[in-house]
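One structure below.
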Amino acid sequence: MLTVLILPIRFPALSLAILNEEDAPMRTVTADNITEVFTGYFGEDTDPRVRDVLTALAQHIHDFVLETRLTHDEWRKGLESLEWAARITDPERNEFVLLSDVMGLSSLVDMVNSVPGATSSSVLGPFHVSNPPPLEIGGDMRRDFEGEVVLVEGIVRDIDGAPVAGAEIDIWQTAPNGMYSSQDPAQDVHSFHALMTTDATDRYAFNTVKPVSYTVPNDGPVGQILDAAGRHPWRPSHLHFIVKAEGCRDLVTEVFAADDPYLDEDTVFGVREDLVMSYTPQPAGSFPDGFTMSGKVPGEYSRVDIDFKLARG
Ligand code: BEZ
Ligand code: FE
């Protein structure tokens with residue numbers, strides 16, 4: 001008797017089955033109804049967004065298995081890849097983010113959240129460092145590194161064209177050897193990382209050496225997936241930026257060199273039309289109005305103009 005009294009409170013679905021055994025026989029789960037059965041398990045108070053996202057996810061996972069007729073062996077190999085990813089993921093290396101990047105998931109999330117008129121966002125990647133060293137406008141990020149010298153300069157505006165003064169621009173890139181500071185024992189942690197604040201005229205500028213194309217980490221399960229798919233691990237050369245300003249949405253983006261051989265085949269799908277810039281050769285000794293070249297004065301150099309348009313919000 002006690003069971004009958006308690007069940008309706010703790011296990012409403014089960015008690016319904018007991019009470020209405022004849023009208024509601026136990027349902028067999030089949031390939032045709034598994035998604036419907038899945039959605040039937042949601043609690044009554046489930047957040048509607050959680051319900052929608054999980055329903056769509058389950059639907060796509062179920063359809064994926066039905067469409068590919070996934071074998072046990074393939075399913076097991078997939079899980080083993082995820083286990084390997086978990087084993088090698090730590091604060092320095094996130095194999096799950098890399099998986100999301102090479103599958104195009106990170107870039108699609110960027111695209112569906114893009115704001116028309118604003119600079120496109122693009123993948124963050126794993127090589128950003130916290131607390132980058134401040135660099136004054138016009139400052140030198142190349143230190144003693146050899147390479148093609150580039151003057152990067154531009155303005156930060158909102159999407160209506162209003163200047164954004166005091167914007168913070170976090171900048172990072174590879175050294176000329178294709179390695180980020182965290183990958184290269186020969187560099188200190190802050191090499192090719194800088195934080196610049198735009199002045200009252202909304203401008204920023206720095207000089208550096210031209211970044212180079214490089215490969216994403218491919219010695220883990222993601223590398224194995226790329227190999228199996230006959231894909232290369234290369235990214236076209238780029239400069240990374242995070243631009244933040246009061247009253248504006250943070251922008252995480254990258255800017256690519258128009259002449260890079262991997263521009264049309266970035267392994268993480270980060271390239272957008274508005275993020276491709278030309279490096280234009282400049283004669284020795286000529287600098288744009290209001291700028292000088294700090295650090296070792298180069299002979300010929302290139303200049304790239306990168307303006308950022310931030311969404312308000
Ligand atoms: C990067 O640009 O630093 C990067 C992005 C995605 C995966 C690996 C590296
Ligand atoms: Fe990068």
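The first residue of the sequence shown is numbered 1, and numbering continues consecutively from there. Both counts, for ligands and for their atoms, begin at 1 and track the order of listing. Because only heavy atoms are used, hydrogens play no part in the values below, and waters and symmetry mates are left out as well, while side chains stay in.
For ligand 1 and His240, the ligand atoms under 4.0 Å from any heavy atom of the residue are 1 (C), 2 (O), 3 (O). Near Glu254, meaning under 4.0 Å from any of its heavy atoms, are these atoms of ligand 1: 2 (O). Each of the following atoms of ligand 1 lies closer than 4.0 Å to a heavy atom of Arg235: 1 (C), 2 (O), 4 (C), 5 (C). Close approach of ligand 1 to Phe127 is summarised as follows: ligand atoms under 4.0 Å from at least one heavy atom of the residue are 3 (O), 9 (C). Close contacts of ligand 1 with Leu98, meaning ligand atoms under 4.0 Å from a residue heavy atom, involve 7 (C), 8 (C).
For the pair Arg76 and Asp73, the salt-bridge criterion is met [side-chain N within less than 4.0 Å of a carboxylate O].
Asp101 OD2, 3.2 Å is the protein heavy atom nearest to atom 6 (C) of ligand 1. Shortest contact from atom 5 (C) of ligand 1 to any protein heavy atom: Gly125 CA, 3.4 Å. The single protein non-hydrogen atom nearest to atom 9 (C) of ligand 1 is Pro126 CD, 3.3 Å, given as residue, atom name and distance.
Heavy-atom neighbours of Lys309 NZ from other residues, nucleotides or ligands within 6.0 Å: at or below the threshold of 12. Atom CD of Glu300 is surrounded by 12 or fewer heavy atoms from other residues, nucleotides or ligands within 6.0 Å.
The shortest N or O to N or O distance between Tyr214 and ligand 1 is under 3.5 Å.
At least one side-chain heavy atom of Thr119 sits less than 4.5 Å from a side-chain heavy atom of Leu275. The shortest side-chain heavy-atom distance between Trp172 and Met141 does not fall under the 4.5 Å cut-off.
Angle NE2(His240) to the Fe ion (ligand 2) to OH(Tyr180): 90° [nearest 10 degrees].
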message = For Glu92 and Ser182: C-alpha separation, side-chain torsions, deciding distance, then whether side-chain hydrogen bond (donor to acceptor under 3.5 Å, both in side chains) applies.
response = CA-CA 8 Å; Glu92 300 296 320; Ser182 56; 5.1 Å; no

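In Leu124, neither the side chain nor the backbone holds a heavy atom less than 4.0 Å from any atom of ligand 1.
His190 and Ser130 make their closest contact through NE2-O, 4.4 Å (heavy atoms, listed as atom of the first residue, atom of the second, distance).
Contact annotation: Thr174 places no N, O or S atom under 2.8 Å from the Fe ion (ligand 2). Because the distance cut-off is set at 2.8 Å, Gln173 fails to qualify as a neighbour of the Fe ion (ligand 2), as none of its N, O or S atoms comes that close.
Distance alone, capped at 3.5 Å, is enough to place a donor-acceptor pair between the Asp274 side chain and the Ser120 backbone.
If you look at Phe127 and His240, their ring centroids are not closer than 6.0 Å.
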